[in-house]
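The structure presented is a predicted model; accordingly, all values stated were derived computationally and were not measured.
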Amino acid sequence: QAMRLSVVIPVYNEEATIEQLLGRVLASPWTAEVLVVDDGSADSTADIVSKLAEADDRVRLLQQPQNRGKGAALRRGFEAATADIVIVQDADLEYDPAEFGMVIEPIVEGRADVVFGSRFLAGRPHRVLYFWHSLGNKFLTTLSNMFTNLNLTDMETCYKAFRREVIQSLELHEDRFGFEPEITAKVARGGYRIYEVGIGYAGRTYAEGKKIGWRDGVRALVCILKYSPLLDRPAKRG
């Protein structure tokens with residue numbers, strides 16, 4: 001395999017799942033390095049990752065001085081990435097690293113610069129969960145598509161993979177979950193070749209630690225408008 005993966009994992013209080021998740025990530029033949037960005041966890045997440053980093057030199061722990069949000073953690077990880085392809089992996093067990101190869105295939109084959117792993121394309125198993133979440137997700141994805149002129153089915157997905165040069169060339173600002181619409185708008189604006197691949201999804205409940213809430217949905221709306229390439233003001237002449 002010529003191309004390998006930098007896996008960027010933002011973590012915040014994920015002591016229950018991080019060891020199992022890292023085991024799955026390291027088992028992938030695509031994984032060259034794992035950049036775990038601890039976003040000010042108050043539990044033993046960082047200690048668990050440190051021990052795993054001692055056992056496997058592909059694992060690197062990057063620590064944020066305080067909790068700043070998923071977007072800020074991802075920026076830190078993207079800057080540190082060194083492999084050919086960079087993929088975002090959540091620290092819970094909703095997304096399966098066994099699917100890395102399937103997600104990055106369009107990039108490996110030279111057809112894509114960016115790949116979104118869609119939970120809504122047919123063919124992969126899904127845990128059945130919240131109706132209103134799925135409705136909100138479809139609404140945000142549709143609105144994002146209207147303002148980017150893309151035809152994605154799942155803008156809010158965790159699994160986004162990039163050629164490293166692409167992700168490191170983008171200037172990103174959102175600290176929290178606004179990262180998703182911001183990155184989508186900026187890859188649309190950049191004219192990159194974007195593919196979508198169907199993935200499985202083992203969603204978790206709030207009792208199991210899900211963190212996203214309605215405020216994040218409101219921020220996503222703001223970001224869709226804020227970063228839209230279709231709302232660029234033309235430069236004044238004369």
Side chains of [X] and [Y]: closer than 4.5 Å at any heavy-atom pair?
{"X": "Leu26", "Y": "Pro97", "answer": "no"}
{"X": "Gln168", "Y": "Leu170", "answer": "no"}
{"X": "Thr148", "Y": "Leu230", "answer": "no"}
{"X": "Leu172", "Y": "Ile167", "answer": "yes"}
{"X": "Pro106", "Y": "Val197", "answer": "yes"}
{"X": "Ile9", "Y": "Val25", "answer": "yes"}
{"X": "Arg76", "Y": "Leu62", "answer": "yes"}
{"X": "Glu15", "Y": "Ile48", "answer": "yes"}

Please answer: with hydrophobic residues joined when any side-chain heavy atoms are less than 4.5 Å apart, are [X] and [Y] in the same cluster?
{"X": "Leu225", "Y": "Phe139", "result": "yes"}
{"X": "Met146", "Y": "Met155", "result": "yes"}
{"X": "Val88", "Y": "Tyr227", "result": "no"}

Nearest 0.5 Å, please: how far is [atom2] in [Y] from [atom1] in [X]?
{"X": "Leu135", "Y": "Leu140", "atom1": "CG", "atom2": "CG", "value": "10.0 Å"}
{"X": "Thr157", "Y": "Glu94", "atom1": "OG1", "atom2": "CD", "value": "10.0 Å"}
{"X": "Glu33", "Y": "Arg60", "atom1": "CD", "atom2": "CZ", "value": "6.0 Å"}
{"X": "Glu99", "Y": "Met102", "atom1": "CD", "atom2": "CE", "value": "4.0 Å"}
{"X": "Tyr195", "Y": "Asp113", "atom1": "OH", "atom2": "CG", "value": "10.5 Å"}
{"X": "His173", "Y": "Glu182", "atom1": "NE2", "atom2": "CD", "value": "6.0 Å"}

Looking only at non-hydrogen atoms, find the nearest pair between [X] and [Y] and report the distance.
{"X": "Gly77", "Y": "Val8", "value": "CA-CG1, 3.8 Å"}
{"X": "Ile104", "Y": "Ala161", "value": "CG2-CB, 3.9 Å"}
{"X": "Val103", "Y": "Val115", "value": "O-CG1, 3.1 Å"}
{"X": "Ile224", "Y": "Pro181", "value": "CG1-CB, 3.7 Å"}
{"X": "Gly40", "Y": "Tyr12", "value": "O-CE1, 3.6 Å"}
{"X": "Ala188", "Y": "Pro229", "value": "CB-CG, 4.4 Å"}

Under 3.5 Å, is there a donor-acceptor pair linking the side chains of [X] and [Y]?
{"X": "Ser41", "Y": "Glu14", "result": "no"}
{"X": "Asp47", "Y": "Ser50", "result": "no"}
{"X": "Asp39", "Y": "Asn67", "result": "yes"}
{"X": "Thr141", "Y": "Glu156", "result": "no"}
{"X": "Gln89", "Y": "Tyr159", "result": "yes"}
{"X": "Thr184", "Y": "Ser144", "result": "no"}

(request) Look at atom CD of Glu171 and say whether more than 12 heavy atoms of other residues, nucleotides or ligands are closer to it than 6.0 Å. (result) no

Look only at the side chain of [X] and the backbone of [Y], and say whether a donor-acceptor pair between them is shorter than 3.5 Å.
{"X": "Arg164", "Y": "Ile85", "result": "no"}
{"X": "Asn151", "Y": "Asn145", "result": "no"}
{"X": "Asp90", "Y": "Asp92", "result": "no"}
{"X": "Asp175", "Y": "Gly69", "result": "no"}
{"X": "Ser6", "Y": "Val86", "result": "no"}

Item to complete: Show your working on side-chain contact (heavy atoms from CB on, under 4.5 Å) between Ile194 and Leu150 and close with a plain yes or no.
Response: CA-CA 9 Å; Ile194 303 167; Leu150 299 176; 3.9 Å; yes

Run Leu52 and Glu19 through side-chain contact (heavy atoms from CB on, under 4.5 Å) and show every step you take. CA-CA 8 Å; Leu52 291 166; Glu19 188 167 0; 4.2 Å; yes

Practice item. Just say parallel, tilted or perpendicular for the rings of Phe162 and Phe78, cut-offs at 30° and 60°. Key: perpendicular

Lys138 to Phe120, cation-pi by 6.0 Å centre distance and 45° axis angle: yes

Requested in this report: Decide side-chain contact (heavy atoms from CB on, under 4.5 Å) for Val49 and Leu22; before the verdict, give the C-alpha distance in whole Å, the side-chain angles of both, and the deciding distance to 0.1 Å.
Outcome: CA-CA 9 Å; Val49 176; Leu22 278 174; 4.3 Å; yes

Step by step, work out the side-chain contact (heavy atoms from CB on, under 4.5 Å) result for Glu174 and Cys223. CA-CA 9 Å; Glu174 290 300 311; Cys223 293; 3.4 Å; yes

Verify salt bridge (charged side-chain N to carboxylate O under 4.0 Å, His left out) between Lys160 and Glu196, making sure each step is shown before the conclusion.
CA-CA 9 Å; Lys160 294 180 174 72; Glu196 223 177 16; over 6 Å; no

